[in-house]
Amino acid sequence: MAKRITNRADDYSQWYLDVIKEAKLADHSPVRGCMVIRPNGFSIWEKMKAALDTMFKETGHENAYFPLFIPKSFLSREAQHVEGFAKECAVITHSRLKSVDNGVEVDPESKLEEELIVRPTSETIIWDAYRGWIQSYRDLPILINQWANVVRWEMRTRLFLRTMEFLWQEGHTAHATEQEAVEETLQMLEVYRTFAEEYMAMPVITGVKTESERFAGAVDTYCIEALMQDGKALQAGTSHFLGQNFAKAFDVKFQDRDGEHKYVWASSWGVSTRLIGGLIMTHSDDNGLVLPPKLAPVQVVVVPIYKNDEEKLAVAEYAAELITRLKHSGISVKYDDRENYKPGWKFAEHEAQGVPVRVAIGPRDVQNGNLEVARRDTLEKNIRPMEGAAESIAELLETIQNEMLQRARQRMNEATRITDSYHDFKRTIEDGGFIYAHWDGTADTETLIKEETKATIRCIPLDDFAEPGHCMVTGKPSARRVLFARSY
RNA sequence: CGGGGCGUGGCGUAGUCCGGUAGCGCACUCGGCUGGGGGCCGAGGGGUCGCAGGUUCAAAUCCUGUCGCCCCGACCA
């Protein structure tokens with residue numbers, strides 16, 4: 001078999017690129033740092049969207065849409081926020097082109113009076129709108145989400161993980177009380193955790209970011225952190241408690257029950273197409289993409305095998321029966337009857353594309369009332385009866401979904417260590433993985449560790465590892481262990 | 001912004017050092033044999049070698065400039 005995908009062990013980042021290429025998830029675009037998301041990739045995103053959107057609706061949120069362009073002046077309203085995003089904003093300065101001899105150029109006469117920023121995130125324009133919507137406590141809470149694209153002018157990009165333009169959702173909520181806004185922030189964090197585990201089969205650690213990793217403009221940034229196969233951590237989603245920062249910056253007040261005018265409390269939360277990168281690096285192998293059934297564009301592919309027209313017909317009829325039953329059970333299935341490819345070729349292709357279950361049907365199977373069923377995740381093949389196939393395959397899909405999570409969790413656990421010795425930390429961080437250790441809570445120590453080991457504090461975990469101890473670097477007291485890793 | 005690499009049919013590349021008919025694999029078209037893990041044989045079509053200058057009888061190859069992309073680091077989701 002011609003090997004088109006680099007082995008993970010040889011070159012992990014080349015492997016990652018090869019998987020994306022072979023699974024036809026995305027292409028590099030003519031513009032540096034941007035990507036074309038191909039149908040296979042976009043279909044995964046659509047599945048993610050559908051599941052998340054349902055979860056958002058179930059927790060009381062509504063979708064809305066705010067503009068792509070933000071007046072430059074808005075960005076300067078919240079001091080921390082400006083600082084965080086100023087260096088990576090695309091700025092629109094002109095409104096038209098004009099024809100010249102060999103093409104077009106910017107028409108200098110079309111210079112804008114106020115330049116526009118292509119949104120790197122929408123807090124500012126949304127809070128500007130909220131000011132007009134909120135007067136009374138009766139107008140609260142506002143629970144809005146938007147599905148959108150954003151642009152961040154990144155220096156270094158990587159397909160799905162960090163592109164200059166990416167797709168995401170951003171929730172923006174406004175509340176009458178601090179407690180309610182904090183509860184919202186934590187609730188959405190939990191939604192993300194649930195989604196990552198139940199749909200992506202990607203276990204995550206939840207926690208709160210240190211000041212240096214906090215979202216610009218937030219009081220607290222909560223996150224879900226996943227561990228990739230190469231031992232690097234990936235921030236897979238964030239949920240921010242914004243306090244009254246944006247309410248103050250955009251003068252959003254409400255009159256409370258007690259008649260007092262008060263600033264509104266806020267949260268924002270988001271996940272992006274980066275999740276697809278996380279999905280790839282959590283499950284895929286040297287043969288290509290491996291997808292959890294709940295997010296697979298096609299859950300079952302049926303490949304017919306035949307030598308002549310007679311066999312072809314018999315197989316097709318048999319397959320049609322199976323496909324009807326699978327569809328009836330709510331399973332998405334594709335019949336791959338392309339004439340121009342041989343079965344072996346199709347097997348390899350569907351494997352590269354991560355189709356969770358492959359069913360091969362040949363004359364022998366028709367004869368014996370069987371199916372050959374192969375699992376993408378374990379590459380196991382077995383023969384099972386046509387009778388009850390829809391049920392048994394539905395069950396198999398569930399098994400695959402569950403076992404993928406179990407395996408990923410086991411891998412994460414095996415790559416997670418605890419240490420009290422900085423010497424030990426420096427040594428073991430080389431192997432990748434998560435390390436729980438004590439930290440004195442200062443930015444100086446955090447920076448020192450980063451400089452010496454390239455590891456950062458991924459989060460301060462919410463529940464676990466709360467026992468007090470002493471900072472592994474300075475020996476100063478520490479209330480709890482924090483989670484370290486090298487990260488994407 | 002630093003370091004490295006690469007631009008040659010749709011894709012992947014050889015050729016570049018040492019200038020002289022642009023080659024190979026995959027894909028594509030046609031015909032046939034095939035078909036339970038990326039099949040085989042035969043016949044075809046397709047490239048102004050990233051771009052712009054220069055040197056030369058002659059440039060993918062040498063010189064100058066320029067554009068772009070990828071990878072690795074520093075910054076970020």
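Order of the sequence lines fixes the chain letters, A, B, ..., with proteins taken first and strands second; residue numbering starts at 1 for each chain.
Distances were taken from every side-chain heavy atom of A/S272 (C-beta onward) to each of B/G36, B/A77, B/C71; the shortest belongs to B/A77. Closest contact between the side chain of A/L17 and the listed nucleotides B/C71, B/G36, B/G35 involves B/C71. The listed nucleotides are B/C70, B/A77, B/G37; the one nearest the side chain of A/A348 is B/G37. Side chain of A/Q235, nearest nucleotide from B/G36, B/A77, B/C71: B/A77. Of the candidate nucleotides B/G35, B/G36, B/C75, B/C75 has the atom nearest to the side chain of A/M155. Across B/C28, B/A77, B/G36, the shortest atom-to-atom separation from the side chain of A/I305 is found for B/G36.
Across all strands shown, nothing is found opposite B/A74 as a Watson-Crick or G-U wobble partner with both distances under 3.5 Å. In this structure B/U48 sits in no base pair that meets the Watson-Crick or G-U test at under 3.5 Å. With a cut-off of 3.5 Å on both pairing distances, the Watson-Crick or G-U wobble partner of B/C40 is B/G32. Shown here, B/G7 forms a base pair with B/C67; the pair counts as Watson-Crick or G-U wobble because both key distances fall under 3.5 Å. Under the Watson-Crick or G-U wobble criterion, with both distances below 3.5 Å, B/C57 is paired with B/G20. The partner of B/A27, taking Watson-Crick or G-U wobble pairs whose two distances both stay under 3.5 Å, does not exist in any strand shown.
A side-chain donor-acceptor contact under 3.5 Å links A/E446 and A/S212. Counting only N and O atoms by type, the side chains of A/Q299 and A/K334 include no donor and acceptor under 3.5 Å apart. For the residue pair A/D336/A/H350, the side-chain donor-acceptor check at 3.5 Å is satisfied. No donor-acceptor contact under 3.5 angstrom links the side chains of A/T59 and A/Q187, judged on distance only. Using modelled atom types, one finds a donor on one side chain and an acceptor on the other under 3.5 Å when comparing A/W269 with A/S267. Residues A/T93 and A/E115 have side chains that never bring a donor and an acceptor to within less than 3.5 angstrom of each other.
Using a 4.0 Å heavy-atom distance criterion, A/T238 is classed as making no nucleic acid contact. Nucleic acid contact class of A/E154 (heavy atoms, under 4.0 Å, all strands): base. Using a 4.0 Å heavy-atom distance criterion, A/L234 is classed as making no nucleic acid contact. Nucleic acid contact class of A/R32 (heavy atoms, under 4.0 Å, all strands): sugar-phosphate only. Contact annotation for A/F215: no contact, since no heavy-atom pair falls under 4.0 Å across all strands. Within 4.0 Å of A/T163, counting heavy atoms only, lies at least one base atom of the nucleic acid. Counting any heavy atom pair closer than 4.0 Å across all strands shown, A/V31 reaches sugar-phosphate atoms only and no base atom. Among the protein residues, A/K381 comes within range of the nucleic acid bases, having at least one heavy atom under 4.0 Å from a base atom.
Side chain A/R162 to base B/C76: a donor-acceptor pair is found below 3.5 Å. No hydrogens or angles were tested; on distance alone, nothing pairs the side chain of A/N308 with the base of B/G35 as donor and acceptor under 3.5 Å. A donor and an acceptor atom never sit less than 3.5 Å apart when one is taken from the side chain of A/K342 and the other from the base of B/G36. A donor and an acceptor atom sit less than 3.5 Å apart, one in the side chain of A/E351 and one in the base of B/G37.
A distance of about 28 Å separates the P atoms of B/G47 and B/G68, rounded to the whole Å. Rounded to whole Å, the separation between the C1' atoms of B/G9 and B/G46 comes to 6 Å. Here, B/U21 and B/G37 have their C1' atoms 43 Å apart, quoted to the whole Å. A distance of about 32 Å separates the C1' atoms of B/U13 and B/C1, rounded to the whole Å. Only the P atoms considered, B/C30 is 48 Å distant from B/U66, to the nearest whole Å. B/G2 and B/U8: their C1' atoms are spaced 30 Å apart (whole Å). Nucleotides B/A60 and B/G3 place their P atoms 31 Å apart, quoted to the nearest Å. Between the P atoms of B/G50 and B/A22, the separation comes to 15 Å (whole Å).
Phosphate contact (OP1/OP2 of B/C72, side-chain N/O of A/S13, threshold under 4.0 Å): present. Between A/R156 and B/G73 there is a side-chain N or O to OP1 or OP2 distance below 4.0 Å.
Between A/W345 atom CH2 and B/C26 atom P the separation is 14 Å, expressed in whole Å. The distance between atom CZ of A/R486 and atom P of B/G73, rounded to the nearest whole Å, is 10 Å. The separation between A/L379 atom CG and B/G37 atom C1' is 11 Å, rounded to whole Å. Computed from coordinates, the A/N340 CG to B/G39 P distance equals 12 Å when rounded to whole Å. Between A/E311 atom CD and B/U34 atom C1' there is a gap of 12 Å when expressed in whole angstrom units. Rounded to an integer number of Å, the gap from A/I361 CD1 to B/G35 P is 19 Å. One interatomic measurement links the two molecules: NZ of A/K232 to C1' of B/C72, which rounds to 10 Å at whole-angstrom precision. Across the protein-nucleic acid pair, A/D18 atom CG and B/C71 atom P stand 11 Å apart, rounded to whole Å.
Looking at heavy atoms from C-beta onward, A/Q80 lies out of side-chain contact with A/F215 at the 4.5 angstrom threshold.
Cation-pi geometry between A/K49 and A/W147 is satisfied (NZ or CZ under 6.0 Å from the ring centre, within 45° of the ring normal).
Both A/A216 and A/R158 lie close to RNA chain B; mapped to their nearest nucleotides by heavy-atom distance, the more 5′-ward contact belongs to A/R158. Along RNA chain B, the nucleotide nearest A/A352 and the nucleotide nearest A/E339 are compared for position; the residue whose nucleotide lies closer to the 5' end is A/E339.
More than 12 heavy atoms of other residues, nucleotides or ligands shown are found within 6.0 angstrom of NZ on A/K47.
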